[in-house]
Structure formats: structure tokens, C-alpha cells
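Every value quoted in this text rests on a predicted model; they were computed, and no experiment measured them. Sequence positions, counted from 1, serve as the residue numbers for this chain.
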Amino acid sequence: MDSPPLVLSMGREAIRAMFKWRFRLLICILLGTRAAGAVEVWTAGGSGFAWGDVGELTGLTTDESVLLPAVVDSTTNAVENLTLKRRGGNIASPQSREDLTGLLTDGNTETFWRVTRERRPDGTSMLIDLGAILPINRIRFQGNPDIFLRAYELFVHDGNPAQLREDRPIAFINQVSANLEQSEPDIDAHIPLQFVRFIRLISRSGQEFIIEEAEVFGDGFAPTGSYLSQVIDLGEAANFGQLRLQTRFDPLTNVVLQTRTGTVPDPKIYYRKTEVFEGEDRQEEAILPIGSPEAAAEYDDLTSSNKGAIIDNIDEWSPWSAPYEDFFGDLLSPGNRRYVQFRLLFSSEDARQSAFVDSLSFFYSIPTLAEELTAEVSPATVTLGESNTFSYYIRSTFGPANDGFDRVEIRTPFKAKVNSVELDGVPVSFAEEDAQDESRLAIQLTDDRVTESDQVLRIRFEAMVTVYGTTFFAKVFDSQTSELGQDVLAGDASPEAEADRLSIQGALRQELVLELRADPPVFSPNGDGINDQLQMSYILLRALSQVPADLIVYDLAGRPVRHLQKSGALNGPQQVTWDGLDESGATAPPGLYILRLSIDTDTGSEDRSLLVGLAY
């Protein structure tokens, strides 16, 4: 007997997914685009884009493909023309319209800055902005042998933002050199090594003078620096995977990484001032369309008097992520976004040490699994510190390019257990993965896929929440492709839930310790493999940072037998084991013992005791 046609043996969802896949593959072939499930990588540094081509360096420099804080030494001029401009620095004079940066840093004595008597030399000043805070110990000005500066004062400023107005020092008070009877053409000031961003040279002579070159030297690295990438356009909405930051630093240096993602090209909103007054100030209106390059260009074309505020677009862009703690973990910003931006913040406590960044990469896949994934959890208000049964709803919206999903991962604070899974109110079969990570609840749909818009997947699970504001983040995956997982977003996913959020609120119980238990209550450490150890467990509340937790075994006379826990403990379930040995490593005699747990937190202290038995 012939086998039935393949299509007849397939379920409705599988047939629909097959035709959707073939349609997408045909479109990819016709348009010459990527096939589904392609995981790609974007890289800056290393073998990827040059740092300077895809971002703005402030107080930083590059050495081949390595990004590092600006560096100075005793032989290289820190205000050399190209180096200075790369840092965003310049040389100018309030009394001159000339571009002094090019005149005084080109190494050519035929180009110079000349101040004639008609320009009133006395009081004329020059301001050098190094573009970064640098450790400086020498400042040199080369004068003309015949026409040079006869009297001067030299000041420096460390660039402290609190002492700046419009990115310029409010006042210069740190004088590092002065000579009112200068007899040599060159001014060569050796100063104690100090952090400097601005240098001001003031003429104190009424005579004409010429300065041919400016030179600045130092020893070490800039103490701070930052890198802001351009907005990275991935071409379509993408899901994100692992991020890798190849960096080198030590305890005295640091690198902070943050990311954000968006759905429009520009993360800023630009305002223009109108002719309508509100009190003494003119009202402002956003330049449309928000998030477009045209809005930024229109803002740039405005006169300064008509320019309004520039603010972050928090509706179509995520806020900057928390600083990354894992430089080889998942990209933290929301997925299903087309645009990505990142920034790096360098710092050092030692001028002679620096952090280095070799490269930054992140993985992404296009197209996404769904156009939109909306989720909410119910109940959203519980008694914290107790185990609760939650319902997690996911409503999906799909387009022709989306394959759907059959796997869900929910982040939980502690180990959780799935009770049931429903698709549009109908129970479906599933497999709960036995994950090594107890904060990850993974569910695989064994016979079904979510592929239709407005389908609602409901996952009922038991979990404990001990912290107000705990959020059940989740991602969906397609086990049939290599596409990266897609984040769900909080919203109205089901009329059966009313919170429209994924975060949990509630009242915290007054106790610090819940459910101190011993299993078994009587144990026998005789090596027969049965009840050889005593497992003690409890739930710790209101401990967002590590707190002292002492668990001590006493005999009935009150003498300490064994210290089981003295290290810090964090919020949540705790487990401690006693093998029946005392502090010296000898076997404790049979009998009854008292377990005493002492907790000390900023919100209070608590002691709990439990009677256990030891027998052989």
C-alpha cells in the first residue's frame, strides 16, 4: 500500500508554516536578499569597521585597530595638527579670526601668528583646547628670533565640567609660568605633571610679537574618554544575540559599555522656538518628522536664537542600558529593532595605566520571528516571599516574512515549575527543559507552533518573588531554524489579565526568614548512602545585597558544634548541608542538636532555631 501524500500527514500549522517558508524563500531568491535564519555579526575594531569611521572619539585615540585613551609623552607633540583635530581640540584667540590650529602645529616656521601694534598686543591671548584631559608637564612656544613675546602669563585648566560654560573655562586661576622680562624667543615652561585640558597664554607686553609653533608634552594617558558610535542601521528589524567586547584593563582602569536600540534613525527629538511667548520665554515645538535625518538637518539650519532643546526620544528608542557586567553575554537592549547605538566610557586612577578595547561585536538575525510580541503576567500583585501561580500571556502579530515560534524562555528569580500551556484556550503538549540555570524557565511546544496573528499563548507556572518590581522577561525561539530569540514587550496581551505589565508588585512580609526546614529531621551519616547528610533550607527576604548569615549547630548544653554558614547571603531560597562532623572534623555523637540561624540586615535582625536529630 502506498504511503499517503506527505501533505496529508501534516497538521494544519505545519502546512501553513511550510508554505510561508517557501513564499519567503522565493522572495529572497527574486530580490537577492538573505535567506531566513541567517545570523550575522557587526564588528568595530579588529577586522571590522575602523573605530573612527563609525563613531566619535572624545579623549581617545586609536593604535592600529585598538581603541584607547589619548596618550602623551615627552617626544611627541600633543597639539600636532592632525592629532589635535582628531581629539576635537583646537587653538584660537578671542582677538583673532585666524585658524591658529593650522598655523602653529604644522611644523613650518614660515607659517605663524603675528600680532602687530595696531592689534594692541597687551592682553591678547591664545587658548589651546587639547580636546581631552591629558597629563601634561611641558608647554613650549617657539617665537621669531627678532620679533617675540617680551612678557607673558601662562595658565592651565583641568577641564572640570563644573567650571565650564559652553565648554570653555569660566576663569583661569592656575598660573604655571610667567615672565614680564622675557629675553629669549622661545617660551619653554616645565611644570609639575598635572591633568590639563585648556592652556591660556596672555601677552603682557605692548610690543608686536610672532609665535611660529606651539608644542605640548606630557607623560601618560587621559584619565577619562568616551566613544559614541554612530546609529547603526541594520536594514530591517533584527533580533539580537551575544555581544562581545574584547578589552584589557586592570583594577586601576575601567571600561563601561552601554547600548540602546530604536525603530527610527535618530534617537533625538529636536525643537525649534516659536513666536508664541510663555512668560518671558518662547514656546518650542518638535521638528517633524521625529526621528528622521531631515529633522536634524532642519535643526542645524536654524539660527542659534531659534534653536530649542534637544532631548532623547524615549518612545521610539530604548533608554541607555545598565552598564554591562558581562562583556560576553546577551545584548541587553530590546530586540525587534532596526537601529543600534553603543557607547564606551574609559576611566583610570593612574595616569600611566590605561584600558584598551580591541573590538566590539554583536550578533543579529533578520527577519524577526514576529512583527510584534506583547506579553503580560497575572497576578501582577502578590504577597512577596510566597510561592504563587502565575499566568504568562503572549499575543503575537505576524507578517509574511515571520516564521513564528515554538519555544519560550522566561527569566525567573528562582527555580520555577510549569503547570500547563494553552494556545487560544486549548491545552497543548509541551516539554519543560531541565535547565542548569535555575533562573531560566524553558518550554518547548512539542506538537504546535505559534504562527497566526492574535493567537494567545498562556503559560501557567509556579514561582516565588521576593523583591518588589521583579520583572518576568521572556524570549521566544524557533527550534527549526537558527534565528536568534525575540524579546516580548509588556502590554495588553489578554483580557483575562489587567495589569498590562511583566513586573510584580506587592507587600513584603515582616519576617526576614521564612520556612527554616531540615530534611530529614533525623539523619544518619554512617556512609550507607541513606540520609547521610542533613539538608537545611530557608527563604531570606529583604536582602538585596549580601548580608551576614550565621548558621550554627549547638548541642543541648549550648556549646557550638559546627559553623555551617558565615558568608554573606542574598535574597531568596538558601540551602546548607551538614555532614555530621564537628569543627575539628570528628564525627559528632548521636543525639539532638539545635540549628540556630542569625540574620542581620539594614532593616532588622532575626534569629530562628530548629531541633534536629543525629543517629547511627
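Using a 3.5 Å distance cut-off with no hydrogens or angles, the side chains of Gln194 and Asn137 do not pair a donor with an acceptor. Looking only at atom types and distance, the side chain of Gln486 has a donor-acceptor partner in the side chain of Asn239 under 3.5 Å away. Side-chain atoms of Ser177 and Tyr152 form a donor-acceptor pair, as typed in the model, at a separation below 3.5 Å. Gln341 and Arg343 are not linked by any side-chain donor-acceptor pair at a separation below 3.5 angstrom, with hydrogens and angles left out of the test. Between the side chains of Ser361 and Thr43, at least one donor N or O sits under 3.5 Å from an acceptor N or O. Judged purely by distance below 3.5 Å, without hydrogens or angles, the side chains of Asn254 and Ser347 never pair a donor atom with an acceptor atom. No side-chain N or O of Ser333 forms a donor-acceptor pair with one of Ser321 less than 3.5 Å apart. Of the N and O atoms on the side chains of Ser203 and Ser205, not one donor lies less than 3.5 Å from an acceptor on the other residue. A donor-acceptor pair shorter than 3.5 Å can be found between the side chains of Thr76 and Asp73.
The OG atom of Ser354 lies 12.0 Å from the CZ atom of Phe249; values are rounded to the nearest 0.5 Å. Note: Ser125 OG to Gln95 CD = 4.5 Å, rounded to the nearest 0.5 Å. To the nearest 0.5 Å, the span separating CD1 on Ile311 from CD1 on Ile269 amounts to 4.5 Å. Here Leu228 contributes atom CG and Glu56 contributes atom CD; the two are 6.5 Å apart, rounded to the nearest 0.5 Å. Leu360 contributes atom CG, which lies 9.0 Å from atom OG1 of Thr259 (distance to the nearest 0.5 angstrom). Once rounded to the nearest 0.5 Å, the distance linking OG1 of Thr105 with CG of Leu100 reads 9.5 Å.
With hydrogens and angles ignored, the 3.5 Å screen pairs no side-chain donor or acceptor of Thr471 with any backbone N or O of Phe473. Judged by distance alone, the side chain of Gln163 and the main-chain N or O of Asp158 form no donor-acceptor pair under 3.5 Å. The closest donor-acceptor contact from the side chain of Gln246 to the backbone of Val357 lies at 3.5 Å or more, if one exists at all. A donor-acceptor distance shorter than 3.5 angstrom exists from the side chain of Ser292 to the backbone of Ala295, with no hydrogens or angles considered. Using a distance-only test at 3.5 Å, with no hydrogens or angles considered, no donor-acceptor pair links the side chain of Thr109 to the main chain of Glu212. For the pair Tyr339 (side chain) and Ala237 (backbone), a donor-acceptor distance under 3.5 Å is absent. Distance alone, capped at 3.5 Å, is enough to place a donor-acceptor pair between the Asn77 side chain and the Ala214 backbone. Using a distance-only test at 3.5 Å, with no hydrogens or angles considered, a donor-acceptor pair links the side chain of Ser318 to the main chain of Thr261. Using modelled atom types, one side-chain atom of Gln182 and one backbone atom of Glu184 make a donor-acceptor pair closer than 3.5 Å. Formation of a donor-acceptor pair under 3.5 Å by the Thr368 side chain with backbone atoms of Ala238 is not found in this model.
Ring pair Phe198/Phe155: centre-to-centre distance not below 6.0 Å. With ring centers used as reference points, Trp42 lies 6.0 Å or more from Phe363.
Using a 4.0 Å cut-off between charged nitrogen and carboxylate oxygen, Arg260 and Asp312 count as a salt-bridge pair. Salt-bridge formation is detected for the pair Glu153/Arg204: a Lys NZ or Arg NE/NH1/NH2 atom is positioned less than 4.0 Å from an Asp or Glu carboxylate oxygen. The existence of a salt bridge linking Asp129 and Arg87 is excluded, since no basic side-chain nitrogen approaches an acidic carboxylate oxygen closer than 4.0 Å. Salt-bridge check for Arg197 with Asp167: passed, with a basic side-chain N closer than 4.0 Å to an acidic carboxylate O. Ionic pairing of Glu275 and Arg282 is present here: one or more N-O contacts between side-chain nitrogen and carboxylate oxygen are shorter than 4.0 angstrom. Under 4.0 Å is where a charged nitrogen must lie from a carboxylate oxygen, and between Glu409 and Arg440 at least one such pair does.
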Test side-chain hydrogen bond (donor to acceptor under 3.5 Å, both in side chains) applied to Thr101 and Asn90, step by step:
CA-CA 5 Å; Thr101 307; Asn90 62 80; 5.1 Å; no
Going through the distances and angles, do Phe362 and Phe342 end up as a ring-ring contact (aromatic ring centres under 6.0 Å, His included)?
CA-CA 11 Å; Phe362 63 85; Phe342 67 90; 7.7 Å; no
Phe240 and Val340: side-chain contact (heavy atoms from CB on, under 4.5 Å), yes or no, with the steps?
CA-CA 10 Å; Phe240 305 114; Val340 183; 3.5 Å; yes
Please test Thr303 against Asn306 for side-chain hydrogen bond (donor to acceptor under 3.5 Å, both in side chains), starting from the C-alpha separation and ending with a verdict.
CA-CA 5 Å; Thr303 61; Asn306 288 325; 3.1 Å; yes
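For the pair Trp113 and Leu104, the minimum side-chain heavy-atom distance is below 4.5 Å. Using a 4.5 Å heavy-atom threshold, the side chains of Leu331 and Gln242 count as separate. The shortest side-chain heavy-atom distance between Leu149 and Leu201 falls under the 4.5 Å cut-off. Side-chain contact check for Ile128 versus Leu130: some heavy-atom pair is nearer than 4.5 Å. Looking at heavy atoms from C-beta onward, Asp358 lies out of side-chain contact with Thr247 at the 4.5 angstrom threshold. Considering only heavy atoms from C-beta on, Ile139 comes within 4.5 Å of Val156 through its side chain. Considering only heavy atoms from C-beta on, Tyr227 comes within 4.5 Å of Val54 through its side chain. Residues Ile133 and Val196 are not in side-chain contact: their nearest non-hydrogen atoms beyond the backbone lie 4.5 Å or more apart.
Geometrically, Arg114 does not engage Phe112 in a cation-pi contact defined by less than 6.0 Å to the ring centre and at most 45° from the axis. Figure legend: Arg248 and Phe356 shown as a cation-pi pair, the cationic atom lying under 6.0 angstrom from the six-membered ring centre and within 45 degrees of its axis.
Among residue pairs with one or both ends in residues 288-332, those qualifying as ring pair (Phe, Tyr, Trp, His ring centres under 6.0 Å) are Tyr270-Tyr299; sequence neighbours excluded. Listed by first and then second residue, the salt bridge (Lys or Arg N to Asp or Glu O under 4.0 Å) pairs that reach into residues 96-105 are Glu98-Arg119, sequence neighbours excluded.
Just one of Val72, Asp219, Val71 meets the side chain to side chain contact (heavy atoms under 4.5 Å, CB included) condition when paired with Pro135; it is Val72.
Heavy-atom neighbours of Arg168 CZ from other residues, nucleotides or ligands within 6.0 Å: above the threshold of 12. Heavy atoms of other residues, nucleotides or ligands lying less than 6.0 angstrom from CZ of Phe148 number more than 12. Shown here is Leu193, whose CG atom has more than 12 heavy atoms of other residues, nucleotides or ligands within 6.0 Å.
In this structure, Gly241 and Leu484 approach most closely via the heavy-atom pair N-CD1, 3.4 Å.
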